[in-house]
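Worksheet for the structure shown next.
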Amino acid sequence: MSDLHIRCADLIDIDPVLRFWREAAEGTSISDDHDGVARLISRDPGALLLAEHDGLLAGTVIAGFDGWRCSAYRLAVHPDCRRQGIATALMEAAEQRFVSLGGRRVDAMVPEANERAHHTWAPSAAGDPRGGSHPQPLTD
C-alpha cells in the first residue's frame, strides 16, 4: 500500500486510538484507558506506532523495548483494511525500531482466543499455539 504512512503516536492520538482498538482489536486490557496509553506515550514516545491510510487510522502496534526484551502488543488493523499489507508494514517498522535500540528478539503477546493472530505468528516453532508469547529472532 503505497499511500500508507506510519508514525509514532502523540498524546492527542489517545482517544482516537482507544476508539480504534474497540473496533479493530481483539479483546481489551486493563491498561486500555486514557491514563494507560498516556503513560505509555510519555514513558516511551516511539513505542505506539500508527498506520494511516488517506488520513484515517488503519492500524496500530505497540513496539515496546525495556532494554532487555522487545515486545509487540496491540497489532490491530481496521477490518476494512485487512489483507492489504498494513500489519506487515507495522511489524517492519517495529522491527526497525527494535534493531535500532539493540534488540535481538521480539515476543508477540497474543490472547489465546485470537485465532487470526496465531496464524500471523505461526512460523515461530517456539511459540505456544494456545496463546501467550511468540518469540521471533530479529535480523539486522
Side-chain angles (χ1 to χ4, degrees):
M1 181 174 287
S2 63
D3 55 346
L4 188 69
H5 175 68
I6 296 178
R7 66 175 179 87
C8 298
D10 293 313
L11 292 172
I12 62 169
D13 296 310
I14 294 172
D15 290 330
V17 166
L18 290 169
R19 283 191 299 274
F20 176 83
W21 285 342
R22 282 192 293 275
E23 184 175 357
E26 297 283 334
T28 58
S29 163
I30 192 170
S31 52
D32 285 356
D33 59 26
H34 195 278
D35 290 343
V37 179
R39 230 179 342 272
L40 168 69
I41 293 171
S42 296
R43 182 185 175 281
D44 189 355
L48 177 52
L49 301 176
L50 308 180
E52 296 174 326
H53 173 63
D54 291 334
L56 299 174
L57 185 56
T60 67
V61 68
I62 297 174
F65 182 60
D66 63 8
W68 181 257
R69 288 195 177 126
C70 304
S71 299
Y73 308 89
R74 284 292 184 219
L75 177 60
V77 175
H78 190 279
D80 295 339
C81 298
R82 292 183 180 151
R83 310 295 304 163
Q84 297 179 35
I86 294 171
T88 299
L90 281 163
M91 287 309 301
E92 287 172 354
E95 183 172 332
Q96 290 172 3
R97 178 175 198 267
F98 294 147
V99 169
S100 74
L101 294 171
R104 298 182 190 170
R105 177 183 97 169
V106 60
D107 289 325
M109 303 308 292
V110 181
E112 184 175 337
N114 190 344
E115 290 293 324
R116 188 173 27 239
H118 291 286
H119 295 292
T120 301
W121 294 97
S124 170
D128 183 345
R130 296 167 296 145
S133 177
H134 291 269
Q136 300 281 326
L138 292 170
T139 56
D140 296 348

Taking all non-hydrogen atoms of both residues into account, name the closest pair between C70 and F65 and its distance. SG-CD1, 3.4 Å
Can you give me the closest heavy-atom contact between W21 and A76, atom names plus distance? CD1-CB, 4.4 Å
Considering only residues two or more places apart or on different chains, which pairs with a residue in residues 39-51 satisfy salt bridge (charged side-chain N to carboxylate O under 4.0 Å, His left out)? D44-R97
From T88 atom OG1 to L75 atom CG, the distance as rounded to the nearest 0.5 Å: 8.5 Å
Which salt bridge (charged side-chain N to carboxylate O under 4.0 Å, His left out) pairs, counting each pair once, include a residue from residues 49-68, with sequence neighbours left out? R7-E52
Compare all side-chain heavy atoms of C8 with those of L49 and state whether any distance is below 4.5 angstrom. yes
Considering non-hydrogen atoms only, spot the tightest contact between A51 and I86 and give its length. CB-CG2, 3.9 Å
Looking only at heavy atoms, which two atoms of A93 and I6 are closest? And how far apart? CB-CG2, 4.0 Å
Enter the distance from H53:NE2 to Q84:CD here, rounded to the nearest 0.5 Å. 6.0 Å
R74: which of D32, V61, V17 passes side chain to side chain contact (heavy atoms under 4.5 Å, CB included): D32
As an exercise, state the distance from NE2 of H34 to CG of L11, rounded to the nearest 0.5 Å. 7.5 Å
Minimum heavy-atom separation for L90 and G59, please, with both atom names. CD1-C, 3.6 Å
Contacts of L40 that satisfy side chain to side chain contact (heavy atoms under 4.5 Å, CB included) - sequence neighbours left out: A47, L48, I62
